[in-house]
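Letters A, B, ... are given to chains in the order of the sequence lines, protein chains preceding strands, and every chain is numbered from 1.
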Amino acid sequence: MKSLAAYSLCASCFLVACAQDRGDRSHADGGMQGGEAEGGAGGVGGVDQVSRETRMPVRRLSATELAQTVTSLFELEADPVSLWPRARTPGHFENEANVLAVDEAFVQAHLDAANAVAERAWATRAKWLPCASDEPVEIESCRATFLADVAPRIFRRPLEAAERAAVIATFDAHPGTGFHDALLASLQRLLLSPSFLYLNLPLRAAGEESPDPEGHYALAARLSYVLWQDMPDDRLFAAAAAGRLRGEISAEVDRMMNDPRAQRSFRHFVGQWLELDDLADLQRDPKLFPAYAPALREDLREQVLRFVQEALWADEGDLQSLLTGDRVPVTTRLAPLYPAETFSFESPGEPWSVQKVANQPTAGVLTLPGVLAVHSKPDASSPVERGLFVLAKFLCQDLPMPPQGLDTSLPPAAETATTRQRFEPLNENPACRGCHLPIAGVGFMFEGFDALGRWRTLDNGQPVDARGWLDEPSGPRALTSLDQLGRALAAREDVRECLARHWLRHGLGRWETGDDERLIDRMAQALAGTGAGWRDLVAAALAFVTAEVRP
Amino acid sequence: MTKGLSRRVLLRGAGLSVALPLLAQTKGARGASSPKRLIVYFVPNGTVHAHWNPQRAASDAQKPAAERDFALGRILSPLERHKLDMLLLTGIDNIVAGLGPNDGHRDGMGSLLTGMPLEPLDAADPKPTPARCTVRAPSIDQVFSRTLEAEVPLRSLHLGSESLRDLIAALSFSGDGNLIGNTARLDRVFESIFGDGMASAQEQAKRRAAQASLLDGVLEDYRALSARLGGEDKQRVERHLEAMRAVEKRLRRPNACTGSMALPASYARDDLPAFMKDAAELIALAFACDATRVVTLVPRRCGGGQSYLPWLGTGAEGKSSEHHELSHLVPKQMEPIDRMFQWFSEPLAHLIDQLKETPDAGGGSVFDSTLVLYVSENAENHRKKGLPLALFGSLGGALKTGRWLDFGGRPHNQFLATVLTALGVPTERFGHADAPSGLLPGVL
């Protein structure tokens, strides 16, 4: 068995730890392939050349996508998202193929959901099935309408002959006045089908009958799920039916990005990227934080979403705004988290207003109370969690956990010690400092904020020391203010790349491989410069993502 | 009595009424004919050895007497009333976790029930952090449940206070690299076993039949799709097919039990005690109905986040009150972490009470044929030496309980092999090929 001693020292956290991981693997598995991904070498990298590799996995719809899709299909009123189970996998996006594994619980839930959706759809049928009448005479024509208009929307493409026959058979199994039963049975049957439940299904091989020989419908679905996490709308279907979608992609993408569904999808991405779901059950020690009440959770979350939307999605947004912006959306409930009299609320009708933060340091999204609170302990700030957060989400540096067998307890500290002083020994200990120096350099810079994200100048009665450092290619660079940190990050290419990586995982539904590096480069470039926002990044990605859909 | 006749069982809890099948009673053999069952009860973040380990009574001249002559440590003290049903195991180490990527907790989770280290989900992953790893070998609960497939509707139940499919909370592996997530939706689980209390038995039977034929109708579409796919895409669809077949089979069985129970759709974080109480009731009923024989129960994830136990009132001014964070101060600071670990014994003691109070169709209580495992992913801090392990229940007399056995450094692979063998799945070796084979001596 391998000795644990090999783990005990790590001079440079990433290099050594990852090299060890690889060594372990080939050791334990007798030669599993090493870390360097194959492929992706050579070539100039035009879109067509790389399209083969920008593949999207065959995966089922996520709970969010299912809810949004059936709502669009049947114009449902209440959001039916709770019909499907949702198992979270922290650090991953909900729509990654590996996260969406199907188990018995999902199969049962989807069966029940198909039934519940069909019942709800029956209630709203006047909106999506204009013929709906229970008169026997009309059933025949209703069935025709259903086949022509509804079923293809559920499958996101025309039906094959056999699929049409199956729907007809279901109707015929409920003769007479059984329209309700026939419609419900047909809906359930279609909702259970892989053509509804799965994305990125292969087009039929040449020679076989295909309902979508040119791949226009597949293209429409790809655009709508990547951009909206929802089904194609009537315009996309019309463009696909007319066979002109491929020629109109960039105009369609423009239109779709200006649709509220794109913004909804962006917010969904941001919530997962920045781990805002953890705000939903944020706990604070009531003895230490009497100001905290669960009613604050929703505002904390919404503030981050609005800020990032404004910083990256809006027309004048860019990375600079994201990481240095000092104008924040606030409500009267959030105001007590900022220095007294920072904000004024003049129009009580509108709960949200965007106002400038004063009398405290800011670094854009990084100093929003929701972000700081999520990466804190219930009773104290956490320089380790905050440092890890910035490294993982903005620099894509996922640090390994402390080695096994290492005593990770902090040495006893004086009663008067600040949080920073309690954690400083980790930067001295040779077994810890490899990882903890880069973590602390960033994490310490937020020590001016308590566990609720409020600015403070004293910690445990002592003045706060919020100086830090950031690892740069030339070595650690000393930083004295959060403003410097924000500007340093906003200027870095690897930050742009890291954001591109996160979007790729969300947009493509899988983690990047070595083959994706050119796509990541292209997206990162799109984010460079003043006024270059998220929509530029997504547009750059879509050129790759849509190129794969070819007959 | 007539087979198939129902009787109504009223257990504690408002609004609970369940009709269980009354099978032919065996002639007074208490639980002897009952099927074997397994519960894995998980305690996050290891323990505090000084307060978990039992104390040997001073007069331990003879070994057999000494095995029974011990006092429980503070952490297990809430289980005092079940001491005679307990088999305390000390001196067992996890020696395989360290063979995979490092992680303070996930490495322990992955190897806990599989005896295997983590490996990357994606072989080409340049940075296989533990969060991107899995285990491609089955956990003992799945090995055991596979032998029961034909007998029970639900192969296994995986309950947790958070619906998480991540190694910080889930510990069951199907064998092909798939980690089985926990569900926090007790209401859904109840409904899938006992049906919707609102509908009549006849309506429910009709609905089940309709759902089964719906599934049957689409199976062919999934088969055709799978035939056109390769690699991981195909694997995912194959897994889907397998799950559909299992659900269809379950729906085609007659619904053995019906009932209604007022369960909330979600529990607030502070309501963990309430969640655990409801989970215990649900497990006892599921066993009484023989709906499943394998359960894993995870009160809390391990590691950081969500590890606050406010109902204990242990948060002191300026001092950490987070269970995970405090677990890292052991053994330098052992309070109030000892109280927190002790709390995790309380829901377990209550669960065992419930099992003892729930009659088994085969006679006796469902506890008589149930083996309950107390496990944690770590020993103390991030270390894996000296795992806190205990068994509860004698499996109808097969295990001699009320004992404390110390093994002085045996691999936990042997513990896993011993548990499987006790459950009727004879196992010589479990998990990693390099781990020593054989069973823990003196347990069976």
Side-chain angles (χ1 to χ4, degrees), chain A residues 1-2 4 7 17-18 21 24-25 28-29 32-33 35-37 57-59 85-91 97-98 101-108 111 188-189 192-194 201-202 278 281 283 285 287-288 377-380 385 398 400-409 412 460 511 513, chain B residues 95 97-104 117 119-124 126-131 163-166 178 180-181 183 185 192 211 214-215 217-218 221-222 225 228-229 232-233 236 239-240 243-244 246-247 269 305 308 310 315 317-318 320-322 325 328-329 332 381-384 434:
Chain A
M1 297 236 146
K2 187 175 174 301
L4 295 179
Y7 293 120
C18 292
D21 283 350
D24 285 345
R25 262 205 335 271
D29 301 315
M32 183 180 286
Q33 75 183 60
E36 294 309 315
V58 174
R59 66 163 178 93
R86 204 174 198 178
R88 283 185 53 215
T89 306
N98 284 331
V102 169
D103 55 14
E104 291 172 38
F106 176 82
V107 170
Q108 182 65 55
L111 266 172
Q188 290 185 56
R189 175 73 176 69
L192 288 173
S193 160
L201 297 177
D278 288 339
D281 38 35
Q283 303 270 7
D285 193 326
K287 287 181 197 153
L288 302 174
K377 300 291 181 188
D379 53 359
E385 284 186 34
D398 296 301
M401 289 294 285
Q404 279 177 32
L406 184 69
D407 180 357
T408 52
S409 64
N460 200 14
W511 278 51
T513 68
Chain B
I95 58 166
L99 300 173
N102 279 328
D103 188 291
E119 57 176 291
L121 263 173
D122 175 357
K127 255 197 317 194
T129 55
S163 289
L164 274 168
R165 186 168 161 270
D166 184 280
N178 185 40
I180 303 173
T183 179
R185 293 293 301 268
S192 72
Q211 289 199 331
L214 263 171
L215 274 183
V218 291
D221 297 351
Y222 284 86
L225 172 61
R228 282 154 60 202
L229 299 175
E232 288 183 17
D233 290 341
R236 275 190 291 274
R239 209 171 271 160
H240 193 154
M244 283 169 54
V247 172
R269 185 77 36 209
Y308 189 48
E317 293 73 29
S320 178
S321 55
E322 214 206 7
E325 179 143 312
H328 283 268
L329 304 181
K332 287 179 191 138
N381 215 319
H382 283 176
R383 286 182 288 273
K384 307 282 188 282
D434 291 349

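Interface residue B:Leu164: backbone and side-chain heavy atoms are both found under 4.5 Å from chain A. Residue B:Asp221 touches chain A through both its backbone and its side chain, counting heavy-atom pairs closer than 4.5 Å. For a residue to count as touching a neighbouring chain, one of its non-hydrogen atoms must lie under 4.5 Å from one of that chain's; by this rule A:Pro378 touches chain B with the side chain only. Contacts between A:Ala105 and chain B at a heavy-atom distance below 4.5 Å are absent for every atom of the residue. For chain A, no part of B:Ile180 is nearby; none of its heavy atoms comes within less than 4.5 Å. Only the side chain of B:Arg185 has a heavy atom closer than 4.5 Å to any heavy atom of chain A.
Between B:Glu232 and A:Asn98 the shortest side-chain heavy-atom distance falls below 4.5 Å.
Here the shortest heavy-atom pairing between B:Arg228 and A:Pro202 reads NH2-O, 2.8 Å. Annotation for A:Ser193 and B:Tyr222: closest pair C-OH, 3.6 Å, computed over non-hydrogen atoms.
For A:Gln188 and B:Gln211, the side-chain atoms include no donor-acceptor pair closer than 3.5 Å.
Looking only at distances, no side-chain donor or acceptor of B:Arg236 sits under 3.5 Å from a matching main-chain atom of A:Arg59.
Residue with the most contacts toward chain A among B:Arg239, B:His328, B:Arg165: B:Arg165 (heavy-atom pairs, distance under 4.5 Å). When the candidates B:Leu229, B:Thr183, B:Asp233 are compared by the number of heavy-atom contacts under 4.5 Å with chain A, B:Asp233 comes out ahead. Interface remark: of the candidates A:Asp103, A:Thr89, A:Leu111, A:Leu111 forms the most heavy-atom pairs closer than 4.5 Å to chain B.
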Problem - side-chain contact (heavy atoms from CB on, under 4.5 Å) between A:Val107 and B:Met244, intermediate numbers included - result: CA-CA 6 Å; A:Val107 170; B:Met244 283 169 54; 3.9 Å; yes

